[in-house]
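Since we're looking at a predicted model, the values are computed, not measured. Positions are given from 1 along the sequence. The figures here come from the full heavy-atom set of this structure, side chains too, leaving out hydrogens, waters and symmetry mates.
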Amino acid sequence: MIDFSTLDRGQITLMGSAFCTMLTMHFTLQLLSQHMFYWKNPKEQKAIIVIILMAPIYAIDSFVGLLDIQGSKEFFMFLDSIKECYEALVIAKFMALMYSYLNISISGKVVPDEIKGRQIHLSFPMTLFQPRTLLLNHKTLKLLKYWTWQFVVIRPICSILMISLQLLGIYPTWLSWTFTIILNVSVSLALYSLVLFYHVFAKELAPHNPLAKFMCIKGIVFFCFWQGVVLDILVAAGVIKSNHFWLDVEHIEEALQNVLVCLEMVVFSVLQQYAYHVAPYSGEVESKLKLKKKE
């Protein structure tokens, strides 16, 4: 048995975060094994596997950050870059999953006749660059795809540049803010295109529960970003001080962010059990429909 009275706050925090990380891995591996067992639609299920691995990757990444909490800024930036680059991949895979549900192929120019000609209503500031109303066709679907995929390209490029410039000692505050603005605009555009896509195809996508699937991704991105902003403000305002913790102020923010991510990923790994459940591939949905028809 572990005698917790002999452990300091740092060790207890580390053990708690390790427990949360293992829980996240447990729930994700459970769902992953179910999909592997009912491997009926590789195209869709490959995308689902990439998406559900987001929670454990974020948890493990944050836990590694806690193991070396006295690490350099470059080290923390590298860890953040791993999470954010994977986030870009997940957004791309989510879009691919939605296209698969609708039997749409951009490369093959396959757009079902029943969805052609629908109106897509854009809001400000997109109306500065595009008409307020677009008709749905191969070109507009391609445009939505580009709006999503630009983040998949921009995120890794910015990560490589940010780490390289920090290692070279050329990373002034104005440059940091420039990268922050570019990345926020980029991810906002990608998420905006997904929201547009959902509104246009809400009826067709309803059986696939796309809102729950999207919120699992959006929730992880939302919490990780905005809690980081809140922690920045609290540290700058002096609300969080070194005497509250066992660390110096420089590393408190990173430690809190990592601990919170480890906790939150447990919640999201549980939510994914519902949003990305295996029922559509196990035959459970078909059997329920047959029972309803008989009734």
Side-chain angles (χ1 to χ4, degrees), residues 47 50-59 61-62 65 76-99 106 120 122-130 141-166 171 173-200 210-233 253-254 257-258 260-261 264-265 268 271-272 275:
V50 171
I51 293 168
I52 64 176
L53 285 174
M54 187 179 187
I57 285 174
Y58 267 52
D61 186 277
S62 296
F76 291 126
M77 183 174 286
F78 173 72
L79 290 178
D80 287 340
S81 297
I82 292 174
K83 290 188 291 188
E84 289 159 356
C85 287
Y86 196 82
E87 170 195 322
L89 176 62
V90 165
I91 289 173
K93 285 296 182 181
F94 179 79
M95 187 62 135
L97 181 62
M98 297 299 105
Y99 277 19
I106 298 295
I120 300 176
L122 303 182
S123 56
F124 182 85
M126 299 312 297
T127 50
L128 296 175
F129 313 100
Q130 295 287 336
L141 283 174
K142 205 171 184 179
L143 181 65
L144 290 179
K145 183 179 180 181
Y146 286 155
W147 285 356
T148 303
W149 271 88
Q150 52 77 30
F151 180 63
V152 182
V153 176
I154 290 174
R155 176 67 257 188
I157 291 174
C158 285
S159 294
I160 292 169
L161 287 173
M162 289 160 72
I163 294 170
S164 300
L165 290 170
Q166 279 220 354
Y171 201 67
T173 304
W174 67 267
L175 192 56
S176 173
W177 277 105
T178 301
F179 278 120
T180 300
I181 292 168
I182 291 171
L183 290 171
N184 280 319
V185 170
S186 180
V187 72
S188 297
L189 179 58
L191 294 174
Y192 177 72
S193 69
L194 291 178
V195 171
L196 275 180
F197 192 87
Y198 168 72
H199 280 299
V200 173
L211 190 58
K213 288 179 170 67
F214 178 68
M215 291 311 295
C216 280
I217 299 170
K218 176 64 175 174
I220 293 175
V221 176
F222 175 85
F223 279 107
C224 288
F225 175 75
W226 285 108
Q227 74 191 11
V229 173
V230 171
L231 289 172
D232 272 338
I233 294 170
E253 187 181 342
E254 288 294 341
Q257 174 78 326
N258 287 331
L260 289 172
V261 170
E264 290 156 3
M265 291 310 109
F268 283 108
L271 293 177
Q272 286 177 343

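The shortest heavy-atom contact between F94 and K213 is CE1-CB, 3.7 Å. Closest approach of M215 and F268 over heavy atoms only: O-CE2, 4.3 Å. Residues Y99 and L141 come closest through the heavy atom pair OH-O, 3.1 Å. Counting all heavy atoms, side chain and backbone alike, L144 lies closest to M95 at O-CE, 3.8 Å. The two residues S81 and R155 come nearest to each other via the heavy atoms OG-NH2, 4.3 Å. Across all non-hydrogen atoms, the minimal contact from C85 to S159 is SG-OG, 3.7 Å.
Between L122 and F129 the shortest side-chain heavy-atom distance does not fall below 4.5 Å. M126 is listed as a side-chain neighbour of L189, based on a closest heavy-atom distance under 4.5 Å.
Annotation: the span from I52 atom CD1 to I217 atom CD1 amounts to 11.5 Å, rounded to 0.5 Å. How far CD1 of I181 is from OG of S176: 9.5 Å, rounded to the nearest 0.5 Å. The CG atom of L271 sits 11.5 Å away from atom CD of E264, with the distance rounded to the nearest 0.5 Å. Note: Q130 CD to L143 CG = 5.0 Å, rounded to the nearest 0.5 Å. With values rounded to the nearest 0.5 angstrom, M265 atom CE is found 11.5 Å from I57 atom CD1. Taking CG from L196 and NE2 from H199, the interatomic distance works out to 7.5 Å, rounded to the nearest 0.5 Å.
Checked against side chain to side chain contact (heavy atoms under 4.5 Å, CB included), L165 has the following partners two or more places apart in sequence or in another chain: I170, Y171, L175, F179.
Here the side chain of Y58 pairs a donor or acceptor atom with the backbone of K83 at under 3.5 angstrom. Listed for the K93 side chain is no donor-acceptor partner under 3.5 Å among the backbone atoms of I51. Within the 3.5 Å criterion, the main-chain N or O of A190 finds a donor-acceptor partner in the side chain of S193.
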- Task: Evaluate the side chain to side chain contact (heavy atoms under 4.5 Å, CB included) criterion for residues L191 and T148: first the C-alpha distance (whole Å), next the side-chain angles of each, then the deciding distance (0.1 Å), finally the verdict.
- Result: CA-CA 7 Å; L191 294 174; T148 303; over 6 Å; no
- Message: Using the rule given for side chain to side chain contact (heavy atoms under 4.5 Å, CB included), can you reason through V152 versus L89, listing the C-alpha separation, both sets of side-chain angles and the distance that settles it, and then say yes or no?
- Response: CA-CA 6 Å; V152 182; L89 176 62; 5.7 Å; no
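A side-chain donor-acceptor contact under 3.5 Å links Y192 and S123. Under the 3.5 Å distance criterion, with hydrogens and angles disregarded, a donor-acceptor pair is assigned to the side chains of Q150 and S186.
Aromatic ring centroids of Y198 and F214 lie 6.0 Å or more apart.
With Y86 as the fixed residue, the side chain to side chain contact (heavy atoms under 4.5 Å, CB included) test singles out one of V50, D61, I91: V50.
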